[in-house]
> 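The structure under discussion is supplied below as structure tokens; questions concerning it will follow.
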Amino acid sequence: TGLRRVILSGNELTALAAKAARGAGAPPQQADVFGRVAVQYLHRGRAPQHLRAALDKLPRGPILDIPVALAGLLERG
């Protein structure tokens with residue numbers, strides 16, 4: 001009847017975060033990056049609400065806008 005604490009490995013968390021991003025509309029490459037970054041972000045003790053907020057902004061938002069901007073800079077540079 002009580003809540004249980006779920007312990008996930010880094011690989012499991014990466015896969016779940018990537019799957020969440022993919023389900024929210026991110027293309028596969030950005031979803032994979034989001035999954036890897038999410039693990040690092042949480043490992044540093046940062047608030048998971050910010051990850052949820054980024055997912056809620058898809059199909060726009062920082063998950064896509066930042067990589068697209070960087071790719072544009074690299075193409076011009």
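Throughout, residue positions are numbered sequentially from 1 according to the sequence presented.
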> Sequence neighbours excluded, which residues qualify as salt bridge (charged side-chain N to carboxylate O under 4.0 Å, His left out) partners of R44?
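Per chain and number, R44 pairs via salt bridge (charged side-chain N to carboxylate O under 4.0 Å, His left out) with no residue.
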> Rounded to the nearest 0.5 Å, what separates atom CD in Q40 from atom CG in L13?
11.0 Å
> Which atom pair, heavy atoms only, marks the closest approach of L55 to A21?
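Shortest heavy-atom separation between L55 and A21 comes out as CD2-CA, 3.4 Å.
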> Please list, one pair per line, the donor and acceptor atoms closer than 3.5 Å that link side chains of residues 24-38 to other protein atoms, with sequence neighbours excluded.
none

> Could you give all pairs that pass the side chain to side chain donor-acceptor pair (under 3.5 Å) test and reach residues 58-73, with sequence neighbours left out?
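Applying side chain to side chain donor-acceptor pair (under 3.5 Å) to every pair that reaches into residues 58-73, excluding sequence neighbours, yields R60-D65.
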> For residues 9-22, pull every pair meeting salt bridge (charged side-chain N to carboxylate O under 4.0 Å, His left out), keeping only residues two or more places apart or in separate chains.
none
> With sequence neighbours excluded, what pairs up with L16 under the side chain to side chain contact (heavy atoms under 4.5 Å, CB included) test?
L8
> Go through the structure and list residues passing side chain to side chain contact (heavy atoms under 4.5 Å, CB included) with A71, not counting sequence neighbours.
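Per chain and number, A71 pairs via side chain to side chain contact (heavy atoms under 4.5 Å, CB included) with no residue.
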